[in-house]
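Accompanying notes for the structure given below.
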Amino acid sequence: MVNLDDLKKEALNLLKDEKVKYIIGYTEGSNGTSAAPAFIKNPEDTDKLVWNPGCFHNLTRFLRDEKKRKAREKHPDERPVGIVVKGCDSRAINVLLQEKYIKRDDVFILGVSCESTGVIDEKKVAKKLKGKKAQKIEWDTNRNLVVTTEDGTTKIPADEVLAERCVECPVHSPVVYDIFFGDKIKRTTDAQFKSVEKIENLSQKEKWDFWKKQFDKCIRCYACRSVCPMCYCDECVVDTISFAVTADTTAEEKAQRIKWIEKSPTPSETFIYHIIRAIHLAGRCIDCGECERVCPLDIPIRFLNKKLEKEAKSLFDYEVGFDPDQLSLVSSFKDEDPEDFIR
Amino acid sequence: MKKRTGVFVCHCGINIAGTVDVKKVADKLGKHKAVAHSEDYVYMCSDPGQNLITNAIKEHKLDSIVVSCCSPTLHEKTFQNAAKAGGINEFQSEIANIREQCSWVHKDKEKATIKAEKITRSAVERVNKNESLEPISFPVTRRAMVIGAGIAGIQAALDMANTGYEVVLVEKNPSIGGHMIQLSETFPTLDCSQCILSPKMVEVSKHENIKLLTYSEVQEISGYVGNFNVKIKKNPTFVDPDKCTLCDECTKVCPVLTSDEFDLGLTGRRAIYMPFPQAIPATYTLDDKHCPGLLPIACGKCADVCDPGAIDYDMKPEIIEEEVGAIVIATGFDLYEKEEMGEYGSGKYPDVLDGLQFERLCSASGPTQGEVLRPSDHKVPKEVVFIQCSGSRDPEQHCAYCSKICCMYTAKHAMLYKHHVPDGQAYIFYIDIRSGGKGYEEFVQRAVEEDGVVYLRGKVSKIFEYNGKIRVWGVDTLAGKDIEIDADMVVLAQAMRPSKDADKLAKLLKISIDKDGFLQEAHPKLRPVESVTAGMFLAGAAQAPKDIPEAVAQASGAAAKALAILSQENLFHSPQVAKSIPNLCTGCGMCVDVCPYDALSLKNGKVEVNEVLCEGCGTCSATCLRAAIEVKNITPYQIYEMINASLGG
């Protein structure tokens, strides 16, 4: 079992010894089921850290802000940032290392094992509670979610409330860390790509109709992009607003900014946005599922990324986030790679 | 700034004009706001056509041109030169390919004309955003390397060395000479192969401009045309050639007997050996694979008897680095293994030989001193069956291609056999006789008429041992009969295949191989001695099966091509290379990993382009998620404008 007190103690020591700038972790959220990201600078605040089934956020996304902040500072604090990561999140760190976006010394990783469970899908829990408000949630030792409401406690089997990605998760515990909390349990899954099969089994027309319906909902709020640890480009192909302008950006460069996609959320443009994002995440997405979780319109974005993850694995035997030194999917090849699509 | 572009639409005879209304294309484009002048002409690539462009540039004060014609691989350079002659930068010229990409692939004239307009319009958009560029100049290392020292490699090395340039000749075997030195006589003149080759070998060894590295293999290569850096591993021979007096005492005491590569297993040799008497360099080699114990020394007999002390068991592989400007690859061929031929006994029967073994059997320096004898019982074979296309022209089972030389050498074999055994009978099974070449057809006729060789048109289905003879089951398709011959010896004209490990070398050198594993030429007709990589040239049977005169001709051709590089102090490189946009670069290094030319590197977290190495292929640009690298004159912005132009009405 993950001992929260150990986590708090280590965090306290790190801050007291001034080994880290601050710690990105989880704290109690406002609605009982969800935890909330916390940025802890004062040693005494380490007591606010929590570890529970509602810690579903991928905190590595905040490393992007840290990097940008640091770039702006004249005399940046070179100490690392402490960060609490789950198995999936730790793979995101490996991708950021692989892409040289961060250096290993930039982070002090507090790796927490998901052991035999994972994190919850809030929507699944809400359905089970039928409108009641949770005050506290935790896993018991028999893979049950113990929910405390004003009416007392109820037990729900883990498999009924786990986030889908946790059911399909191949790692369960951090693959890169400085300190490890909990038990290193080897767990395998034979259902790593089960969710995509639902879509794969549809006919071409059914697929088209499905995605048309889904993308029609999209309001292009870009929450999926904002929450994604891999969407760290300064300039995104979909919106001219984010184009990087620095002191040496010439008028000619500004004039040559291409508007590949219209801003309006019309079906064709929205399709292109999601397809480009999926392609740009091929071989980079570590399936933290955050894009889908934050979507206000419930678009199953994760299917797209999961499908590409499956393609990468089945075609090229490529899995991302385990080795920061491996070449990226698109910049590497093996002699035995299939090439029957070249005609 | 508004451009003044000239549009020139070519008819290409009826190649384009037959399907595209060229006048209409020229008229329509003439109305484009950036086009100051447009016209059409029957052959734009002709001299008058080029003059027309040059004059139009001057007359209409054009600052850029678009030529709507054939593929840029054919005439891009022509029209760049025409632009230059007109006084504008050569990179202000673009091609709109309305032949391969339009007229040749369409039938509907109306629609094809619209498409041609769109292609041309998008080229106008592109050229409007072209930068004026100057070719990048860089110095040349004026030495060459030849890989493989068979007849092709020897010829290429001598041709280059004789013009005064230094040549490094690398050979993986202990001696130079290749397969030609194994041959007995050569068709169609029947002159002795060793007699005509050994003078060239001697010339190589004595040539002051040739640095010979035998028993050596290329390990690593970096650099680019004009400046290659090659790392070569020289394997230890364990014999110091300078001390060795060729007394031959060592082979007398060596206890090991192994099969002789030079005689293709027809004889044996010792673990310390000289490949053949005329070997260059003339020295012994200790074969560490067969020596009973080198490290630690378990035998040591050869060193004991070596008076001059030439044998050094501590010799280590040596890595030699060479800087060269051009490379000729002449790695030759190997025979398709008899073991692959299940229907012909999988190499089990001692009296079933391949063509090269039969050469050794006929050779005056061979295992039988030129007497044709059966390897099994040393009797003179009275009936010999020669089987052509053994492994060749058999796409289902073996090699799909024709090995080209077998028709001729089988006729020669039959003839040589008759010269050695006048009362013997030679049969040749063939599919077709391919005797194209000077004096070749007459040679085959001579075999039939003067030497009474029986040609049987048909395939052999099976051969097997029967009563001490080799029974051959075949068919004569002209007579429509099954044939059964109890032969004393069978000779298989095995297919030629690329030499072993040629594919690995090709990968190392980053040149391509074709579907059969032969080295790929840049163009099958017009650039047959060039590889697709600049500065690397092909010679001999490494590129395709060929006979000696062809191999020699190609070697001289490759040498001439290499000399065209060496004869220049500086080379020029296209400036249409990648350019990084540091603001957008996050330093992820994907482009660095993906670059096939090693032209990119990371410096202070940003990508940097080595312009001399960059070929402008654009793989980096396609890989970059952040559009932080692009190729000059084909930038995303230009592509965007081109797409707009082709989509717009």
Side-chain angles (χ1 to χ4, degrees), chain A residues 63-64 67-68 70-71 95-103 106 225 228 230-238 240 242-250 252-261 276-285 320 324-335, chain B residues 1 125-126 128-131 503-504 506-508 510 512-513 515 579-596 598 600-607 617 619-630 632-644 647:
Chain A
L63 294 174
R64 179 172 83 203
K67 175 159 170 148
K68 285 189 180 158
K70 207 166 149 183
V95 180
L96 294 174
L97 289 171
Q98 178 189 4
E99 295 180 356
K100 303 178 186 70
Y101 189 71
I102 57 169
K103 291 194 289 289
D106 292 341
R225 188 182 68 185
C228 180
M230 300 313 150
C231 276
Y232 59 72
C233 300
D234 287 339
E235 190 173 283
C236 180
V237 68
V238 299
T240 40
S242 72
F243 281 1
V245 177
T246 61
D248 49 358
T249 308
T250 62
E252 198 195 347
E253 275 173 340
K254 281 184 210 166
Q256 293 195 356
R257 292 285 162 73
I258 311 157
K259 212 199 238 173
W260 288 107
I261 304 173
I276 290 183
R277 187 166 174 277
I279 293 288
H280 278 199
L281 285 170
R284 302 172 69 226
C285 172
V320 73
D325 296 324
Q326 79 178 346
L327 292 178
S328 70
L329 175 67
V330 288
S331 60
S332 59
F333 81 99
K334 292 192 286 284
D335 284 349
Chain B
M1 194 182 69
E125 293 298 338
R126 179 178 175 190
N128 271 237
K129 275 137 202 104
N130 266 12
E131 287 177 67
D503 54 335
K504 283 184 200 143
K507 208 169 164 189
L508 214 64
K510 294 191 182 118
S512 34
I513 52 176
K515 67 179 185 4
K579 183 178 91 177
S580 78
I581 301 152
N583 282 345
L584 300 182
C585 180
T586 62
C588 71
M590 280 192 210
C591 54
V592 176
D593 298 330
V594 85
C595 176
D598 292 334
L600 304 177
S601 57
L602 286 180
K603 206 164 208 179
N604 300 326
K606 303 278 177 186
V607 66
C617 69
T619 310
C620 51
S621 178
T623 306
C624 183
L625 297 175
R626 301 164 188 97
I629 192 158
E630 58 188 31
K632 287 177 189 170
N633 287 354
I634 186 72
T635 60
Y637 183 47
Q638 284 177 300
I639 295 170
Y640 175 72
E641 292 291 351
M642 288 170 80
I643 294 173
N644 276 347
L647 293 178

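Only this structure's heavy atoms are used, side chains among them; waters, hydrogens and symmetry mates stay out. The chains referred to below are lettered A, B, ... by the order of the sequence lines, with proteins before strands, and numbering in each begins at 1.
The two residues Lys100(A) and Gly589(B) come nearest to each other via the heavy atoms NZ-CA, 4.3 Å. When all heavy atoms of Asp234(A) and Asn583(B) are compared, the closest pair comes out as OD2-O, 4.4 Å. Among all heavy-atom pairs drawn from Val594(B) and Val330(A), the shortest one is CG2-O, 3.7 Å.
Rounding to the nearest 0.5 Å gives a distance of 9.0 Å between CZ of Arg626(B) and NE2 of His280(A). The distance from the CD atom of Gln326(A) to the CG atom of Asp593(B) is 11.0 Å, given to the nearest 0.5 Å.
More than 12 heavy atoms of other residues, nucleotides or ligands lie within 6.0 Å of NZ in Lys70(A), so this atom counts as buried by the packing criterion. Counting non-hydrogen atoms of neighbouring residues, nucleotides and ligands closer than 6.0 angstrom, the NZ atom of Lys68(A) exceeds 12 such neighbours.
Taking 4.5 Å as the limit, every side-chain heavy atom of Tyr232(A) sits out of range of all side-chain heavy atoms of Leu625(B).
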